[in-house]
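Working notes for the structure below.
What you see is a predicted model; the values in this text were computed from it and never measured. Read the numbers this way: they start at 1 and go in the same order the structure lists the ligands and their atoms.
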Amino acid sequence: MEHPSGNGTEAAASAAAAEVVDLVSRLIRFDTTNTGEPETTMGEREAAEWVAAQLEDAGFATTYVESGGPGRGNVFARLEGAAPERGALLLHGHLDVVPAEAADWQVHPFSGAVQDGYVWGRGAVDMKDMVGMMLALARQYKRAGVVPPRDIVFAFLADEEAGSTFGAQWLVEHRPDLFDGVTEAVGEVGGFSLTVPSRAGGDRRLYLVETAEKGLCWMRLTARARPGHGSFLHADNAVTALAAAVARLGAHEFPLVVTESVAEFLAAVSSETGFDLDPGADDITGRLDKLGSIARIVGATLRDTANPTMLAAGYKANVIPQTAQAVVDCRILPGRRAAFEAELDEILGPDIEREWITSLDSYETTFDGDLVDAMNAAILAHDPQGRTVPYMLSGGTDAKALATLGIRCFGFAPLQLPPELDFAALFHGVDERVPVDALRFGTRVLDHFLRHS
Ligand SMILES: [Zn+2]
């Protein structure tokens, strides 16, 4: 169905597609490295101010907000739609990136180089690609006087890469007014294509829409025992107790639990490829390998995981310390929190203390309704051979914070990728880059989606 949308929308999409590569390149040149420490995280303010200037240049009024600390810049802009009573759609992207070690890269990670058909640099897929697409469309809509069917809120956010404490989490807690009227949201780690062999011969392009996220819970373990001299008999050693508990936990496999999103994903891929991806099969993890590197994500959505990541104890070779500590990265499936904690206590035993350093709940929504229909239609309009498929992300995004306001969240940052590109490896990876053609494709798909949402 067409909605009133003003004139010149196709022209606006073309203009946005022409501009998007430059915008993404320019965004990458802002070093917005998030070190995880507020004292050393810089660049978000400069990037946010530049984004605000680009929006204002096109005629937007913008709101700049710092979220819980100096320099943690966020920018908001609202485009009025034809039917504001339908509730606003939020498009969100984060401006921060994870660190990059320049010596490891073929090009400088903050060069934004455009070469060999790619835009290169830290953030190219996580997620200055989507930020550039949002910015390009917002600018062109405003300039061309496009009136979308419903209000659109564009949000450019800080601190996603360190758990959103000084970004989305702070904003939903302290400035919920910025999200007034927002009922649904679209952000990152979805909308990209995965090419699989078709059972009918040839290839099939699936576009993965994120409908669920595992919970992100970082845990600190502490063992306390009697300190003493390293040369004596000493049975009660905190380092030994902690190491044994960490080893038990690291080797533990949590039970297979198939949630709605994962079941739908496996059923869709099975029907397209003819692969038997019955989650009940003993070697389901091995069978997933046929899907390529995405198997690392999908495999991690079949169970809870608890990966030990940090250890700390002691201060001298001949002193048995009083305490030993570890940090464990736990990722918990929707609906599994209580069962996970009970299992944890059994594995760790009574002598190991545990506390949550970060605790962000899982999230899951259904793959249906008008907004999903609009995603399908937008993909089909630009890739008639494509098919959208829901999936669960093993990691986390700002959607976790936004969902606490009752907003229904999806990951849909469309990119049509070359079949051979190891997309999953580019996230936080060396030589992160995004195909120029994928950015232009994504901008057109996003445009179609926004005009029909
Ligand atoms: Zn991201």
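- A perpendicular orientation is assigned to the rings of Tyr118 and Trp120, their planes being inclined by more than 60° (bins at 30° and 60°).
- Atom OD1 is the N, O or S atom of Asp126 at the shortest distance from the Zn ion (ligand 1).
- The nearest N/O/S atom of Glu188 to the Zn ion (ligand 1) is OE1.
- For the residue pair Gln416 / His382, no side-chain donor-acceptor distance below 3.5 Å is found, with atom types taken as modelled.
- Among heteroatoms of the N, O or S kind in His94, NE2 lies nearest the Zn ion (ligand 1).
- With rounding to the nearest 0.5 Å, the separation of OG1 in Thr305 from CD in Glu253 is 11.0 Å.
- Using a 4.0 Å cut-off between charged side-chain N and carboxylate O, Asp57 and Arg143 make a salt bridge.
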